[in-house]
Amino acid sequence: MEKRARIAVTGRVQGVGFRPTVYQYATELGLSGFVQNTPTGVLAEVQGEGPAVSVFLERLRASPPKEARVGQFLVEDVPLGPNGGFAIRPSRRSGDLVVGFPPDLATCEACTRELLDPHDRRFRYPFINCTNCGPRFTIVRELPYDREKTSMASFDLCPACRAEFEDPVDRRFDAQPNACPECGPSLALLAADGWEVQADPLRETARLLREGRIVALKSLGGYHLACDARSDDVVRRLRERKGRPAKPFAVMFQSLDELGRSCEVSDREAAELTSSAAPVVILKRRRDAALSALISPDTGDIGAFLPYTPLHHLLLAEISPLVMTSGNLSEEPIARDEEELKRILGRVADHALVHNRPIVRRCDDSVLRLVRGQRLFYRRSRGFVPAQVDLPLDGPPVLACGAELKNTFCVTRGRQAFVSQHIGDLVEYPAYRFYGESIDDLLRLLQVKPGVVAHDLHPDYESTRFAGAYPAEMKVAVQHHHAHIASCMAEHGLTEPVIGVALDGAGYGPDGTIWGGEFLVADLRDSRRAGCFKHYRMPGGEEAIRHPARMAFSVLLAEFGEQADALATRLLPAITAAERGILSQLIQSGAHAPLTSSAGRLFDAVSALLGLCDTISYEGQAAIRLQTAAGEGSQSAYPFEIEAVTKESVLSFGPAVRAMVEDTLAGADKGGIAAKFHRTVSQGVAGMCAALSEREGLRKVVLSGGVFQNDLLLRMATGELKERGFEVYSHRLVPPNDGGIALGQAAVALARAEL
Ligand code: ZN
Ligand code: ZN
Ligand code: FE
């Protein structure tokens, strides 16, 4: 008997070859009907003999296209219609616009093969793509995802490309960015003065790179700065010109094989590197790696990735490995267009390899590490954005403005949270401009008008000011560390009260001190501080962050009193006697020396006491050196104290500091001390959680905050807590650093809007 079924599919189903797949399955089974993109996903109707329709549904459910992420798959029987073949209909534009359009997808294997095949018409064509790969998020101006709404609109398809585009069984059917050398974008090489160089752009770029030049390279979500990763000389020059003395650079390798000769790679890490997201994965550097030591001078790690555009494939085939770092000046947003290129060309880059396909949306590379097989994000951006995070609760649309550094923001629709790409440090004006633009952009794409705006408690964050000026019915201020914990809770679908351990650099505390080593009893709505790290003073405020040695002096003064001065002459040679006098005054008077419970500052102080870092050039540098010194860690620990005060317990590592100073003076190995310190903090955290668990009756512990970017600490603390029988939750979907704050703010806002 004949029947007709209507299928409505939501999720990431546009721009991934869903309609061709439906077409193929339907025609193979002799079914008639149609398929079309809608603002909410894909709609299809198929008609034919009952069993054939069942087989069709079975097949589509079991084998959707590789890059599709099917959300709902709704099927209903509808009355029979006309029986005249199967058609792919044009997109329908009315209705609700929630479709999950995909992130940018790394070049697929089939396209890579064609790219290197001398008989293919796209041989060496740097913009080859298909329904399984190519630019998406970075070229879409508006939804639904159709060519005329992308930055490919100005390129008219040639007859050959149009034939592919219109042929439902071709692997480029409806591939919006489809192009070839006849009709698509093309490359140009620019000299430092902006004039075009008359030569084969790719081969000439490779030659320049081999010669030790720095080239700005137009990639997917912005410009990269590329140079030979084996040459100390050029890497040093890049550091000088970019104003980035030591922060690690990412390195792109031609192939997984080549990458494996420089870094240790597990199967799980290889899968991550070769995935369509193609993130930078932080790997252990091999001793015999043929790479400049200046790439990551503070760690034994390398942030490695593989080519993810055809242009990368072609270039890396000529010269590899290459340093590939964001094309910008220090912490500005990644350069995107010709105007912004002018700021780096001639100043940082000697040449620029450009093309004429505009980048609609900036998107930096994502950076992650695998910890016990789970993703630990440092930056969630290209390849992951705009994929949504599912929330445990529903409510009005929320705009969560995020934090100040490493900013991302977040927009919710129902139970879906869309966390933005990496924006950067809002203190920089260009980043702040990018922030405003990106918020407008995402709200427009999602067609959302936020009813609730969430922001940090900090009155001086640019994001807080932005929230203040934003017209919305309801504003929700969320304490920084509550947002960190809520972010991790939201990821795991937790809504009931937990013990939240937020170890962080700095966040605004409602009591006038700077928070950052907090034990919260929290649900999504509220949080209450149940304990914290012992307070120390930060002499000179922000200056103590830039100079870990000053923080160390403050800790010495607190733990050793009058002996501190003598100890500092031996342990902190970077601080002169005159400086010690000023610092003592600041600390004793408390003026310009706020109290902080920050775990980040404690790590800084210990790093400085061990002589590992007295001044930093990038955020987290002192802690990174301390972790590097600690290697694989230690089983033994220093003593610590938990002082149970009426409401808020205090975790003091004072005894540990005193023991570490003794060990250092006795000439003990720094690495051993650093390792023992990591164990001490892990045990201290677990001990505090045990004490709180007894008082509060909670067994779930949520770990968040920037200090948990330290994977050694994360592994140790998780282990200690699990041994004590806790259920432990850490981040897998967004970073534990301030890049994850917006998601937490959104979750808290939804919880508060519920009443
Ligand atoms: Zn492809
Ligand atoms: Zn063409
Ligand atoms: Fe934070």
Side-chain angles (χ1 to χ4, degrees), residues 15-17 20 65-67 102 104-116 120-122 125 127-136 147 152 155-166 170-173 175-186 276 278 308-310 313 402-408 425 456-458 461 463 478-488 500-509 514-518 520 545 596-601 619-620 703-709 731 734-745:
V16 290
K66 186 163 152 267
E67 294 299 338
D104 299 303
L105 303 167
T107 312
C108 74
E109 271 174 49
C111 286
T112 312
R113 255 196 318 274
E114 287 180 1
L115 179 69
L116 305 173
D120 194 275
R121 72 186 185 92
R122 292 191 181 84
Y125 182 57
F127 303 94
I128 187 170
N129 66 84
C130 72
T131 47
N132 287 317
C133 76
R136 301 286 188 273
R147 187 177 180 103
M152 288 298 292
F155 299 95
D156 286 331
L157 287 162
C158 70
C161 286
R162 176 161 299 282
E164 295 166 336
F165 188 83
E166 287 173 353
D170 194 279
R171 87 188 166 76
R172 296 201 167 85
F173 170 69
Q176 307 302 332
N178 191 27
C180 77
E182 290 300 310
C183 66
S186 54
S276 62
Y308 59 82
T309 70
H313 280 284
E404 181 87 333
L405 302 180
K406 298 188 171 69
N407 177 279
T408 68
D425 296 351
D456 200 276
L457 262 189
H458 201 306
Y461 275 4
S463 52
V478 186
Q479 198 277 324
H480 190 86
H481 301 99
H482 184 207
H484 270 305
I485 298 304
S487 161
C488 190
V501 182
L503 303 191
D504 203 19
Y508 186 84
I514 297 170
W515 288 23
E518 314 309 317
L520 307 177
I545 300 177
T596 187
S597 52
S598 164
R601 296 295 83 74
E619 198 200 2
L703 305 178
S704 188
V707 171
F708 282 112
Q709 293 177 96
H731 287 276
V734 299
N737 62 39
D738 286 4
I741 284 280
L743 178 65
Q745 290 174 345

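In listed order, ligands and their atoms are each counted from 1. Just so it is clear, the model here is predicted, and its values are computed rather than measured.
- Few gaps surround CD on Glu166; more than 12 heavy atoms of other groups in view lie less than 6.0 Å from it.
- Looking at Asp504 and the Fe ion (ligand 3) together, the shortest N, O or S contact belongs to OD2.
- Remark: the backbone N or O of Ile545 is not paired with any side-chain donor or acceptor of Arg601 at under 3.5 angstrom.
- When atom types are taken as modelled, the side chain of Glu164 and the backbone of Arg171 share no donor-acceptor pair closer than 3.5 angstrom.
- Here the angle centred on the Zn ion (ligand 1), running from SG of Cys133 over to SG of Cys130, is 120°, rounded to 10°.
- For the pair Gln709 (side chain) and Gly706 (backbone), a donor-acceptor distance under 3.5 Å is present.
- Among the atoms of His480, an N, O or S atom falls under 2.8 Å from the Fe ion (ligand 3).
- In this structure the side chain of His481 never reaches within 4.5 angstrom of the side chain of Ser704, judged on heavy atoms.
- Angle SG(Cys158) to the Zn ion (ligand 2) to SG(Cys161), rounded to 10°: 110°.
- The minimum distance between the Fe ion (ligand 3) and any N, O or S atom of Asp738 involves atom OD1.
- In this structure, SG of Cys180 and SG of Cys183 enclose an angle of 120° at the Zn ion (ligand 2), rounded to 10°.
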